[in-house]
Number of protein chains: 2
Amino acid sequence: MTDHQLREPTRLVLTVLADAPRHGYAIIQEVLAVSGGRTRLSTGTLYTALDRLLHQGLVGIESEEVVGGRLRRTYSLTSQGQNLLAEETERLRRAVAEADRRLAVARLRPNGATA
Amino acid sequence: MTDHQLREPTRLVLTVLADAPRHGYAIIQEVLAVSGGRTRLSTGTLYTALDRLLHQGLVGIESEEVVGGRLRRTYSLTSQGQNLLAEETERLRRAVAEADRRLAVARLRPNGATA
DNA sequence: CGCCATATGTCGATTGGCTACCCATTGGCT
DNA sequence: AGCCAATGGGTAGCCAATCGACATATGGCG
């Protein structure tokens, strides 16, 4: 199925990787900033998500450098990831329009349509 | 925080209940229509979601009628549910704008996606 | 009669996310 | 010296929502 069902944390990871490659910690900071402090990505969520996205080919490894005996990876969005994010964004745009439309109807009749 | 993180199926249920009360099967049909046949809500998802949403006070029971020895419930969005959907819609609107902005940056430099 | 649409529901497995940990280093405050 | 915050990367176990398959019942069509 083409039904991808991205959840919010995962979608935000792809979003903040869209304009520039970043390493894990930077992704967390960026998501925090973008969401206005609302979405705090935990490391548990992030690294398992990155692992999953790597296997799905949605993100790739930009570079690896050894810092203090540790591997620091910088991740980037693959073209496949870009396509998925673009599709998902279109889907959301439609969902937003639909919700707006229906919420407007609801406001016209404050007590609902008596079935 | 009470970070609700609505998943897509749940959000679509609230969306199609926004303009009019509907019973379960009608919700499934409506979601299918709205999504252009893309999102097929399974009954497993729907009825457990409705149960959850009832307990959370986001949807209410509009009416109940007995048809063929069975209870047919018609659900409606509560004002609390309306507020949540409105908030969620605003959040999504910002997310869409953010994704658009970053995807535009990505298109300006096609070198990034090394994959 | 079999099959499909309508209609409501349960159950087990899977997925993804979350909390809570683990590790290391730099730097500032007391 | 002892501690905390920030930077940086990672695992384990538990939980909630979703998914797929099944169960059940009525009524219409061929």
Side-chain angles (χ1 to χ4, degrees), chain A residues 1-17 21-33 35 37-56 58-59 61-75 84 88 115, chain B residues 1-14 16-17 21-33 35 37-56 58-59 61-75 84 88:
Chain A
M1 282 266 287
T2 30
D3 224 11
H4 271 286
Q5 302 277 44
L6 287 182
R7 307 261 240 315
E8 198 158 306
T10 305
R11 199 178 58 237
L12 286 168
V13 168
L14 296 184
T15 300
V16 303
L17 282 180
R22 293 171 212 278
H23 61 270
Y25 195 78
I27 294 174
I28 293 175
Q29 302 305 308
E30 191 74 6
V31 165
L32 194 63
S35 68
R38 261 168 282 110
T39 304
R40 192 153 299 192
L41 224 54
S42 72
T43 60
T45 301
L46 206 235
Y47 292 108
T48 54
L50 283 174
D51 216 52
R52 198 187 341 123
L53 294 171
L54 274 172
H55 281 277
Q56 293 173 343
L58 300 174
V59 306
I61 295 172
E62 246 285 300
S63 65
E64 288 179 322
E65 49 168 335
V66 180
V67 179
R70 266 173 173 274
L71 208 52
R72 180 179 310 171
R73 289 200 180 94
T74 301
Y75 302 88
L84 181 64
E88 188 69 10
Chain B
M1 277 298 285
T2 1
D3 228 9
H4 259 288
Q5 303 283 38
L6 288 182
R7 307 255 240 309
E8 197 159 307
T10 304
R11 198 178 58 237
L12 286 168
V13 169
L14 297 185
V16 302
L17 283 181
R22 291 171 212 280
H23 62 271
Y25 195 77
I27 294 173
I28 294 176
Q29 302 305 306
E30 191 74 6
V31 165
L32 193 64
S35 68
R38 262 168 282 112
T39 304
R40 191 151 296 176
L41 222 54
S42 75
T43 61
T45 302
L46 205 236
Y47 292 106
T48 54
L50 282 174
D51 216 52
R52 196 187 344 121
L53 294 171
L54 274 173
H55 281 277
Q56 292 173 344
L58 300 174
V59 307
I61 295 172
E62 246 284 302
S63 63
E64 287 179 321
E65 49 169 334
V66 180
V67 180
R70 265 173 175 273
L71 209 51
R72 180 177 309 171
R73 289 201 180 94
T74 301
Y75 303 87
L84 181 64
E88 187 70 9

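The figures that follow rest on heavy atoms only: side chains count, while hydrogens, waters and symmetry mates do not. Chain A is the first sequence line, chain B the second, and so forth, proteins listed ahead of strands; every chain is numbered from 1.
OP1 or OP2 of dC18(C) sits under 4.0 Å from a side-chain N or O of T45(A). Between R73(B) and dA7(C) there is no side-chain polar atom (N or O) within less than 4.0 angstrom of OP1 or OP2. A sub-4.0 Å separation between OP1 or OP2 of dA17(D) and a side-chain N or O of R52(B) is present. Regarding contacts with the backbone of dA16(D), every side-chain N or O of R7(B) stays at 4.0 angstrom or more from both OP1 and OP2.
Annotation: salt bridge (charged side-chain N to carboxylate O under 4.0 Å, His left out) contacts of R11(A) (sequence neighbours excluded): E8(A).
The OH-C1' distance, from Y47(B) to dC19(D), rounds to 16 Å in whole Å.
Checking L41(B) against A26(A), the closest nucleotide of DNA chain D that is more toward the 5' end is the one next to A26(A).
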Validation: residues 44-51 of chain B side-chain donor-acceptor distances under 3.5 Å, sequence neighbours left out:
unit_1: T45(B); atom_1: OG1; unit_2: S42(B); atom_2: OG; d: 3.0
unit_1: T48(B); atom_1: OG1; unit_2: G44(B); atom_2: O; d: 2.7
unit_1: T48(B); atom_1: OG1; unit_2: T45(B); atom_2: O; d: 3.1

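The backbone N or O of H23(B) lies less than 3.5 Å from no partner atom in the side chain of R72(B), so there is not a single donor-acceptor pair.
Scanning atom types as modelled, one donor and one acceptor separated by under 3.5 angstrom connect the side chain of T43(B) and the base of dG9(C).
Set against dG10(D), dG20(D), dG8(D), the side chain of R72(A) has dG8(D) as its closest nucleotide.
Nucleic acid contact for T10(B): sugar-phosphate only, since backbone atoms but no base atoms lie under 4.0 Å from a heavy atom of the residue. Across all strands shown, G44(B) has heavy atoms under 4.0 Å from base atoms, whether or not it also approaches the sugar-phosphate.
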